[in-house]
Amino acid sequence: MKSKKANSNNNNLMLFIVESPTKSKTISNILNSFNYKASVVATLGHIKDLPVNNLGVNIKDGFKPIFLFLPYKKKIVNNILNKIEDKMSIVIATDPDREGEAIAFHIANEIKNYIKLKNLKDIHISRAFINEITYNGIKKGLENLGDINVSMVISQFARRVSDRLIGYKISPVLWQAFKLKGLSAGRVQTATLKLIVDKEKEILSFKPRTFYTFKVVVDINNKKVEFNLMNKEKEIFKVFENEKEKLDFIELKLRELISKEVVFEVLNEDRYIKPLPPLKTSTLQQEAAKLGFSASKTMSIAQRLFEGIKIKDKHFGLITYHRTDSVRVSKEGIELAKSILGDIKIHRFSDKSMFDAHEAIRITYNLDLNLLRNYLNQEEFKIYLLIYNRFLAAFDYEAKYYYQVIKSNNLIDDLYLFYESGKIYFNGFLRFLPDYINNFPIFNKDYIDLKDGVYNFKIIDFKVLKQKESYPSRYSISSIIKKMEETGIGRPSTYANTINTLLKRNYIQIKKNTIYPTELGIKVCDFLISKYKELLDIDFTAFLESKLDDIEKSNKDIANKLYLNLLTEIYNILLSEKKGFLLKKNN
DNA sequence: CAGTGAGCGAGCTTCCGCTTGACTT
């Protein structure tokens, strides 16, 4: 073994490149156990980007992007290059997604230039796809080394250049139209702003109507039980203010029923509640928002938990990576759940993750919570607990409950009396998420001891409740992030940034976790949508994604052609709108 | 001759997405 290692020392020289430095230590240990003499280095995300001060897109030369080093990245890249030696294998293991592929492309170019410059020999560059930082994840990645996927890189360029053209061509139109410095527009921020403005308009134009509902009190074994008057579809029956005759009719009929016996059917069922999936970026931000954390605050706390803490001279990264859109849990995570819970159940959760570069956000060690409380501040501990509870809940058993529905015969014109209740008899995952049952109103009602069957019960009384339709509610931080994710606007790394940008531009205000558009926000949004609906409305991102998908799936030549088509199409829209704007101004 | 002002040109804002760390409070 010793001689073999010495023998192959040079062949096993490896430079392993990832994005996040926090992962490098773990990876380094795993690679050493494979007998590689590896150094693991991190790019810290993108190394190159379009210039900030100008468009950076050569429109006449087929929309060719001009990429420059981001600040401080030249130094990081130089540090990586300095580690390259003869007879080394270089493995680029940036995240397995569109952005990661572009990072791989840029770093590979730098490496190739360096090799030429220094005249280095026997260097092999390859691309690895690592879905999880575990022994098996790395092993699998190294067994299936490949090359950089050029079409995927072109698709990332298309995404980047689209966003640049839209942002940098439209924002100046705003400066001119509003005579204000620093206004901005973009595919993500303007679509998000529109969600908020649309909601405000919905509220403004909403005219709440007054309506009446009916509760009927029934005597069941000397207990007064309140039933709802509902239609066949189990919707509460409403009579609106202008339907006076209907109201009188129902009241009359109900009055006639007082002291009368009515036929009811009782049905009891065994039902269960499935656990919630573990957290991902969007849901973590949503849950934390309910505790009063802003999205960016949540992310900086999660970053600290990810980087971890020292306990008795040993370092513990406390959670998995916190920027993810997946609820998948790695084998290692499942083992961890098993070691904590003993007995686990694997549930299937629907997962619409687009790239799945990272698994769900979960805890990484079975650490004593009381011990941890001493090492974390209050905020960190709260966020850790959210992650802890959702992770363990996801592997726990369903909660089980008795469900009961009591339904009358046809009472009046296809209207029925309904009573629904539930009683939990097995907590299951609810031991980790006790508040979750508040989402089910049936558990607030008494479960009545009645066997299945047909009964006669006496009607005692009824109540007519006067109510007003409630206004649509404005977005909270939590619900806007949910909506952004549902509509596909933005990515896990940018939900928080987008909200901050809208705040910084004074397009929105947040008061008591409620998001209001400002007057400026509404004006800017209306102006932009009237002129650039095609590019800035909510569904443009879905359109763009489908085009990017086409590019990614094509061979290089077709991908280049599709790239040109897409950007020409976008540019033409920008051009025609701008012309229209100038014409109108001159008139 | 000196003061005024027209006219011109330069410089500035801006996008989305991937990562931390260097700042301040």
Side-chain angles (χ1 to χ4, degrees), chain A residues 17-24 41-57 65 67 69-73 75-77 80 94-107 155-193 281 296 299-300 302-304 306-308 321-325 354-355 357-358 484 488-502 504-507 524 528 532 535-536 540-541 544-545 548 570 574:
Chain A
I17 303 172
V18 293
E19 289 179 43
S20 160
T22 335
K23 299 170 184 167
S24 58
V41 290
T43 67
L44 297 155
H46 275 294
I47 58 168
K48 288 191 156 190
D49 193 15
L50 303 174
V52 185
N53 302 330
N54 58 68
L55 190 66
V57 179
F67 286 108
F69 277 108
L70 283 160
Y72 314 111
K73 290 302 170 73
K75 202 175 156 191
I76 286 171
V77 170
I80 293 175
T94 46
D95 291 351
D97 55 29
R98 195 196 294 145
E99 301 295 325
E101 205 66 15
I103 297 170
F105 171 84
H106 289 304
I107 192 76
S155 134
Q156 196 274 348
F157 287 7
R159 198 281 303 158
R160 184 66 190 90
V161 173
S162 298
D163 284 337
R164 173 50 69 92
L165 287 177
I166 293 169
Y168 272 37
K169 288 293 179 190
I170 298 181
S171 297
V173 177
L174 279 178
W175 306 337
Q176 207 175 19
F178 286 77
K179 305 285 174 224
L180 266 174
K181 260 189 167 184
L183 297 181
S184 65
R187 169 177 61 88
V188 172
Q189 61 169 279
T190 306
T192 307
L193 178 62
T281 305
S296 43
M299 290 311 271
S300 78
Q303 176 79 35
R304 293 206 294 276
F306 173 63
E307 285 169 17
Y321 198 55
H322 50 294
R323 284 184 275 261
T324 174
D325 58 0
M354 275 188 286
F355 301 110
H358 303 282
M484 286 168 78
I489 307 172
R491 309 260 37 235
S493 68
T494 60
Y495 297 133
N497 287 344
T498 303
I499 294 170
N500 283 345
T501 300
L502 295 178
K504 235 190 306 181
R505 300 277 176 270
N506 193 24
Y507 292 165
V524 165
L528 289 173
Y532 300 101
L535 301 176
L536 298 178
F540 177 73
T541 294
L544 180 66
E545 282 296 339
L548 297 178
I570 289 172
L574 289 168

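Bear in mind the structure is a predicted one, so any value in this text is a computation, not a measurement. Chain letters run A, B, ... following the sequence lines, proteins first, then strands; residues in each count from 1.
Atom CD1 of A:I80 is separated from atom P of B:dT20 by 14 Å (rounded to the nearest Å). Between A:F69 atom CZ and B:dC18 atom C1' the separation is 16 Å, expressed in whole Å. Taking atom CZ of A:R323 as the reference point, atom C1' of B:dG17 lies 10 Å away to the nearest angstrom. The CD1 atom of A:I489 sits 15 Å away from the C1' atom of B:dG17 (whole-angstrom rounding). Atom CZ in A:F306 sits roughly 15 Å away from atom P in B:dC18 (whole-Å rounding). Atom CG of A:L44 is separated from atom P of B:dG21 by 7 Å (rounded to the nearest Å). In this structure, CG of A:L70 is placed 14 Å from P of B:dT20, rounded to the nearest angstrom. Distance CG (A:L548) to C1' (B:dG17): 13 Å, rounded to an integer number of Å.
Side-chain contact between A:V173 and A:Y532 is present, with at least one heavy-atom pair separated by less than 4.5 Å. Looking only at side-chain heavy atoms (C-beta outward), A:H358 and A:R323 stay at 4.5 Å or farther from each other. A 4.5 Å side-chain heavy-atom check between A:Q189 and A:S184 finds at least one atom pair inside the cut-off.
Counting non-hydrogen atoms under 4.0 angstrom, A:T22 reaches the backbone sugars and phosphates but no base. Using a 4.0 Å heavy-atom criterion, one finds that A:Y321 contacts the sugar-phosphate atoms exclusively. Within the 4.0 angstrom heavy-atom criterion, no nucleotide atom of any strand lies near A:Q156.
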Check: Where do A:F67 and A:F105 land on the side chain to side chain contact (heavy atoms under 4.5 Å, CB included) test, with the steps shown first?
Finding: CA-CA 12 Å; A:F67 286 108; A:F105 171 84; over 6 Å; no

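Taking A:Y507 as the reference, nothing meets the ring-ring contact (aromatic ring centres under 6.0 Å, His included) condition, with sequence neighbours excluded.
With values rounded to the nearest 0.5 angstrom, A:R491 atom CZ is found 9.0 Å from A:T281 atom OG1.
When all heavy atoms of A:A185 and A:I170 are compared, the closest pair comes out as CB-CG2, 3.7 Å.
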Check: Reading nucleotides 11-16 of chain B 5' to 3', which nucleotides get B (base under 4.0 Å from a protein heavy atom), which S (sugar-phosphate only), which -?
Finding: --BBBB

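Looking at DNA chain B, no stem turns up: there is no run of 3 or more consecutive Watson-Crick or G-U wobble pairs with key distances under 3.5 Å.
Considering only side-chain N and O atoms, A:S20 lies under 4.0 angstrom from the phosphate OP1 or OP2 of B:dT20.
Comment: A:D95 engages A:K23 in a salt bridge, judged by a side-chain N to carboxylate O separation of less than 4.0 angstrom.
Considering A:R160, A:H106, A:E99 in turn, A:E99 is the only one that fulfils the side chain to side chain donor-acceptor pair (under 3.5 Å) rule with A:H46.
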